[in-house]
Number of protein chains: 2
Amino acid sequence: MPASRAYAHDPGVPALRRLLALNPALDDDALAALRVAIARTRTVRPHRELMSEGRDIVETLLVLDGWAARVRQLADGRRQIMNFILPGDLIGLCDYDQPVASSTIVAITPVTICTAPDRSVSPSLARAYAISRAMDEAHLMAQITRLGRLNAHERIADLLLELLERLSLVGLATGGSFVMPLTQEVVADALGLTSVHVNRMLQQARRAGELVWSGRDLMLTAPDDLRGAIGRNPVQVVRRAE
Amino acid sequence: MPASRAYAHDPGVPALRRLLALNPALDDDALAALRVAIARTRTVRPHRELMSEGRDIVETLLVLDGWAARVRQLADGRRQIMNFILPGDLIGLCDYDQPVASSTIVAITPVTICTAPDRSVSPSLARAYAISRAMDEAHLMAQITRLGRLNAHERIADLLLELLERLSLVGLATGGSFVMPLTQEVVADALGLTSVHVNRMLQQARRAGELVWSGRDLMLTAPDDLRGAIGRNPVQVVRRAE
DNA sequence: CGTCAAATTGACAAGGTTCAAGGACCGTGG
DNA sequence: CCACGGTCCTTGAACCTTGTCAATTTGACG
């Protein structure tokens with residue numbers, strides 16, 4: 001079983017976990033619609049586009065498995081990754097007719113998707129979608145802060161912590177470890193750095209004992225310490241019950 | 001009349017222009033609700049917060065006049081501006097209960113606001129709001145690309161072009177000129193640079209004849225040329241009629 | 001005319017990039 | 001089982017963009 005498709009035998013588990021985490025009050029209508037949706041999957045191969053800048057958005061997609069990236073390519077070949085898209089994430093969510101995609105989304109690993117149930121299926125589902133969207137927005141802002149005000153070491157640590165937090169939410173991380181399908185070059189494209197510099201900083205982090213990354217397995221040795229060291233606080237968009 | 005409050009005598013004109021631009025089909029219900037809303041304004045003084053990170057969002061605001069910024073402050077004092085908020089922009093738009101603000105918004109100039117009419121007033125208004133939200137998101141992504149892959153000169157040019165485009169939409173720019181209430185330090189905080197470097201790059205741009213910026217009046221000499229030179233294409237989220 | 005914030009300047013340091021080359025890893029085919 | 005090819009990772013040295021520090025000038029305004 002390829003490491004990047006940990007749930008190929010039971011697709012949709014991470015996606016369901018995420019939507020339930022966003023709205024624990026998902027009702028039966030929502031769950032039933034999700035089950036039906038998840039029964040019809042497609043798989044997109046690496047480097048293929050899930051959505052293309054300037055093209056109409058025809059449906060909302062729910063990612064069941066695999067990683068993708070929201071990318072913008074400049075005329076001279078420079079490339080910027082806005083954010084990563086993980087299992088449970090929604091693609092192309094919006095509330096008006098004839099939307100046009102303002103960015104391109106490419107698969108990094110093989111990505112399994114399905115058509116997301118319409119929000120009208122249930123108010124509880126609509127709420128989960130709305131919260132998902134707010135979190136996406138918060139992650140975009142986190143990315144802006146990373147690029148604007150953190151140095152290379154902090155950028156890397158902050159991104160890895162975000163990935164850990166998001167994967168933990170869907171049950172794809174255990175402790176500080178998760179499957180990391182990104183190359184250093186992809187990380188560089190996300191962090192506004194060169195792959196050479198990402199490499200140097202990663203080795204420094206390894207020597208400092210902050211992380212172990214061999215093959216596709218990445219472990220943050222002490223996520224909480226690291227979080228404290230770089231002053232990160234996780235994204236939050238709903239009032240948590242006391 | 002202070003330059004930053006060009007429409008103090010007729011508040012709401014830029015805001016109405018923007019919403020009408022986003023959805024030309026705004027119906028009478030929407031327009032009537034907007035007129036009522038715009039009749040009850042408040043003004044927030046510079047440096048005051050319009051919304052605070054971690055606090056509940058109690059209502060959606062519509063900006064009638066003045067500039068604000070969405071800001072994130074780091075523990076050690078570093079500051080990153082996510083985006084600028086201009087007349088016609090909506091603050092705190094979201095589709096679920098008990099939202100928590102994921103960023104702080106501070107007034108840069110005196111900012112005149114009103115409570116935005118509820119989306120339920122009219123489907124056409126809801127559509128305008130949805131498009132507004134999609135544009136905000138696209139602007140966040142533009143900011144990510146700026147910070148991640150553009151150099152200092154390109155960042156400045158790209159930001160100024162975005163401001164010009166947005167102000168043109170609401171009728172607050174004539175040709176390539178608009179009132180620019182930002183200090184170089186604020187520009188630096190938005191672009192992930194230092195004010196010293198922004199200053200140097202601005203002078204270089206002036207010497208190159210790209211812009212004239214004296215006092216609060218800024219003019220881009222040849223916006224189209226500049227747009228071509230840095231390879232910028234404006235934000236677009238709806239299919240434009242052919 | 002004095003005051004304060006903002007803009008400007010210079011010298012120097014640092015963080016990150018570029019270029020170029022070598023080495024490790026992995027799946028494929030003979 | 002090994003050789004091959006490609007992708008990714010690693011390393012060094014020179015270079016360049018941007019940051020830092022500190023001082024000076026400008027401009028708005030009471």
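Note: hydrogens, waters and symmetry copies are ignored here, and every other heavy atom, side chains too, is used. Lettering follows sequence order; numbering is per chain, from 1.
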Figure out the [atom1]/[atom2] separation between [X] and [N], and round it to whole Å.
X: Glu185(B); N: dA5(C); atom1: CD; atom2: P; answer: 12 Å
X: Leu150(B); N: dT18(D); atom1: CG; atom2: P; answer: 11 Å
X: Asn199(B); N: dA7(C); atom1: CG; atom2: P; answer: 8 Å
X: Trp213(A); N: dA24(C); atom1: CH2; atom2: P; answer: 19 Å
X: Met201(B); N: dT9(C); atom1: CE; atom2: P; answer: 13 Å
X: Arg146(B); N: dT18(D); atom1: CZ; atom2: P; answer: 16 Å
X: Leu193(A); N: dG16(C); atom1: CG; atom2: P; answer: 7 Å
X: Leu218(A); N: dC8(D); atom1: CG; atom2: P; answer: 17 Å

Measure the acute angle between the ring planes of Phe84(A) and Trp67(A), then classify it against the limits of 30° and 60° as parallel, tilted or perpendicular.
tilted
Determine whether Arg18(B) and Ser132(B) satisfy the following criterion, side-chain hydrogen bond (donor to acceptor under 3.5 Å, both in side chains), listing intermediate values before the conclusion.
CA-CA 9 Å; Arg18(B) 177 162 189 266; Ser132(B) 173; 3.1 Å; yes
Distance only, no hydrogens: is a donor on one side chain within 3.5 Å (strictly under) of an acceptor on the other, for [X] and [Y]?
X: Arg42(B); Y: Thr115(B); value: yes
X: Ser103(A); Y: Arg70(A); value: yes
X: Arg146(B); Y: Gln143(B); value: yes

Is any side-chain heavy atom of Glu49(B) closer than 4.5 Å to one of Arg55(B)?
no
Taking only side-chain N and O atoms of [X], does any of them lie within less than 4.0 angstrom of OP1 or OP2 on [N]?
X: Gln184(B); N: dT8(C); value: yes
X: Gln203(B); N: dT9(C); value: yes
X: Arg206(B); N: dT8(C); value: yes

For atom CD of Glu53(B), is the number of surrounding heavy atoms from other residues, nucleotides or ligands below 6.0 Å larger than 12?
yes
Detail all sub-3.5 Å separations between protein N/O atoms and N/O atoms belonging to nucleotides 20-30 of chain D.
| unit_1 | atom_1 | unit_2 | atom_2 | d |
| --- | --- | --- | --- | --- |
| dT20(D) | O4 | Arg200(B) | NH2 | 3.0 |

Of the nucleotides dC9(D), dT18(D), dA7(C), which has the atom closest to the Thr183(B) side chain?
dA7(C)
